[in-house]
Amino acid sequence: MQSDLLYGKPPLSEFSDVDCWIFDLDNTLYPRHVDLFKQMEVKMNEFVSRLLDLETEKASQLRHDYYIKYGTTMRGLMVEHHIQPDDFLEFVHDIDHSRVPPDPLLAEGIRQLPGKRYILTNGTQDHAEKVAARLGITGLFHDIFDIVWADLDPKPNRAPYDKLLAQTGLAPRRAAMFEDLPRNLKIPHELGMKTILVVPSHTRDVFHENWEAGAEETSHVQFITESLGEFLKDMRLSVSEADRR
């Protein structure tokens with residue numbers, strides 16, 4: 001087992017009272033280097049380029065601007081250009097999922113988690129199910145909450161988190177949220193959830209430096225890991241050791 005300090009300041013044994021586990025999908029349940037999102041970025045750029053008759057470079061910049069301002073490219077296109085979201089979602093998520101490898105360590109880690117397990121994603125249910133099938137984690141979640149379920153209102157906005165609480169009845173202080181984007185952990189932290197940031201390989205030290213310095217953009221992140229499967233395994237071991245004391 002790795003040292004708790006590799007993951008964060010609080011000990012991993014603090015997860016002993018957690019009975020609700022909420023996972024983001026893209027770049028969280030599978031590692032960033034799988035690069036599914038890169039395929040989606042290409043598709044989004046193509047959609048914006050065709051819609052607004054822009055060169056790819058300008059379409060990419062506009063897409064990024066909308067992402068920053070509205071939380072997702074789609075939300076920006078809906079507000080600014082009144083697109084039909086179904087067309088966008090179907091086009092963007094029509095990608096090759098075969099790049100996602102099976103992850104037995106992750107599957108076992110999720111299977112061992114006590115209580116309820118959910119996926120909360122700004123993507124679609126179909127996309128989440130395809131990713132889960134590739135990872136080998138189909139059937140391990142009690143529900144998948146996607147962008148359509150969220151009434152097209154994306155994380156990091158508060159509305160999808162409030163709707164999740166209302167629908168599931170979960171107690172925030174007994175819940176943990178796993179994400180690859182720090183901004184999507186701000187509301188969960190304010191609600192009282194434990195927050196875990198999943199970062200790309202070989203980048204944890206950079207996040208730790210900002211974290212130790214008390215950087216505002218990371219102050220709501222309690223734990224950091226480069227491997228979700230390893231984190232779940234070590235967390236389970238830490239909780240078991242604490243229970244035996």
Side-chain angles (χ1 to χ4, degrees), residues 22-100 118-132 134-135 144-164 177-188 195 197-200 203 207 217-218 220-221:
I22 308 156
F23 296 86
D24 173 50
L25 179 71
D26 293 305
N27 298 331
T28 299
L29 285 175
Y30 63 84
R32 186 181 295 268
H33 67 255
V34 170
D35 233 4
L36 281 195
F37 199 74
K38 187 66 175 179
Q39 294 184 60
M40 287 186 272
E41 284 183 324
V42 171
K43 300 279 282 189
M44 285 188 283
N45 288 342
E46 184 179 348
F47 188 96
V48 174
S49 178
R50 289 180 181 179
L51 177 71
L52 303 176
D53 193 23
L54 296 174
E55 295 179 356
T56 301
E57 185 175 343
K58 291 183 178 180
S60 178
Q61 182 59 54
L62 183 63
R63 180 187 66 76
H64 179 73
D65 292 345
Y66 286 167
Y67 171 77
I68 296 300
K69 184 176 181 180
Y70 294 104
T72 64
T73 299
M74 183 184 72
R75 188 72 174 176
L77 291 173
M78 289 172 60
V79 173
E80 300 283 350
H81 305 285
H82 312 291
I83 69 160
Q84 293 299 314
D86 289 349
D87 296 338
F88 177 86
L89 291 171
E90 182 178 354
F91 183 79
V92 167
H93 290 96
D94 183 18
I95 60 173
D96 178 16
H97 290 83
S98 66
R99 292 178 58 91
V100 181
Y118 302 111
I119 292 175
L120 178 63
T121 175
N122 284 344
T124 64
Q125 172 121 6
D126 180 67
H127 172 56
E129 289 173 349
K130 288 176 178 176
V131 169
R134 292 292 307 172
L135 288 167
I144 297 173
F145 301 112
D146 72 346
I147 190 65
V148 176
W149 165 87
D151 303 316
L152 307 175
D153 197 356
K155 299 175 292 181
N157 296 343
R158 185 175 185 114
Y161 301 103
D162 286 342
K163 186 173 183 179
L164 178 69
M177 179 81 200
F178 299 81
E179 259 283 355
D180 70 300
L181 297 175
R183 68 178 186 165
N184 289 354
L185 290 173
K186 189 171 187 299
I187 297 298
T195 55
L197 183 68
V198 182
V199 300
T203 63
F207 282 92
E217 65 271 19
T218 60
H220 49 275
V221 175

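If you're wondering where the values come from, they're calculated on a predicted model, not measured in any experiment.
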Original post:
Taking Asp24 as the fixed residue, which of Asn184, Asp180, Leu185 is the one that meets the side-chain contact (heavy atoms from CB on, under 4.5 Å) rule?
Top reply: Asp180

Original post:
Would you say the side-chain atoms of Arg75 pair up with the backbone N or O of Leu152, donor to acceptor, closer than 3.5 Å?
Top reply: yes

Original post:
Measuring from Asp153:CG to Thr72:OG1, what's the distance to the nearest 0.5 Å?
Top reply: 9.0 Å

Original post:
Given side chains that start at C-beta, do those of Met78 and Tyr70 come closer than 4.5 Å, heavy atoms only?
Top reply: no

**OP:** May I ask you to test the His220-Pro182 pair for a side-chain heavy-atom distance under 4.5 Å?
**Re:** yes

**OP:** Return yes if a side-chain donor-acceptor contact under 3.5 Å exists between His127 and Asp146, otherwise no.
**Re:** no

Original post:
With side chains defined as the heavy atoms from C-beta onward, is the minimum distance between Met40 and Asp26 less than 4.5 Å?
Top reply: yes

Subject >> Cation-aromatic face contact Lys43/Phe91, 6.0 Å, 45 degrees >> reply: yes

Original post:
In terms of heavy-atom contacts, does CD of Glu90 have more than 12 from other residues, nucleotides or ligands at under 6.0 Å?
Top reply: no

Original post:
Can you tell me how far CD1 of Ile22 sits from OG1 of Thr121, rounded to the nearest 0.5 angstrom?
Top reply: 13.5 Å

Original post:
What is the distance from atom CG of Leu89 to atom CD of Gln125, rounded to the nearest 0.5 Å?
Top reply: 12.5 Å

Original post:
Is there a donor-acceptor pair under 3.5 Å between the side chain of Arg99 and the backbone N or O of Val34?
Top reply: yes

**OP:** Using the salt bridge (charged side-chain N to carboxylate O under 4.0 Å, His left out) rule, take Lys163 and Asp151 through it: C-alpha gap first, then chi angles, then the decisive distance, then the call.
**Re:** CA-CA 10 Å; Lys163 186 173 183 179; Asp151 303 316; 3.4 Å; yes

Original post:
Can you name the ring-ring contact (aromatic ring centres under 6.0 Å, His included) partners of Phe145, sequence neighbours left out?
Top reply: Tyr118, Trp149

Original post:
Atom CG in Asp94, atom CD in Gln39: separation rounded to 0.5 Å?
Top reply: 9.5 Å

**OP:** Please round to the nearest 0.5 Å and tell me the distance separating atom CZ of Phe23 and atom CG of Leu29.
**Re:** 6.5 Å

**OP:** Would you give the length of the straight line joining atom NZ of Lys155 to atom CG of Asn157, rounded to the nearest 0.5 angstrom?
**Re:** 11.5 Å

Tabulate below the donor-acceptor pairs under 3.5 Å that side-chain atoms of residues 51-66 make, not counting sequence neighbours, or state none.
unit_1	atom_1	unit_2	atom_2	d
Gln61	NE2	Asp65	OD1	2.8
Arg63	NE	Asn45	OD1	2.7
Tyr66	OH	His81	NE2	2.7

Subject >> Criterion side-chain contact (heavy atoms from CB on, under 4.5 Å) against Leu36, the qualifying member of His97, Lys130, Arg134 >> reply: His97

**OP:** Determine whether Phe47 and Leu77 make a side-chain contact, defined as any pair of heavy atoms from C-beta on separated by less than 4.5 Å.
**Re:** yes

Original post:
Do you know the tightest heavy-atom contact between Met44 and Phe88?
Top reply: CG-CZ, 3.6 Å

Original post:
Is there a donor-acceptor contact under 3.5 Å linking the side chains of Thr124 and Asp126?
Top reply: no

Original post:
Val198 versus Asn27: any side-chain heavy-atom pair under 4.5 Å?
Top reply: no

Subject >> Non-hydrogen side-chain atoms of Met74 and Asn122 separated by less than 4.5 Å >> reply: no

Subject >> Heavy-atom side-chain contact between Ile147 and Pro154 under 4.5 Å >> reply: yes

Subject >> Atom of Ile68, atom of Arg183 and distance for their closest heavy-atom approach >> reply: O-NH1, 4.0 Å

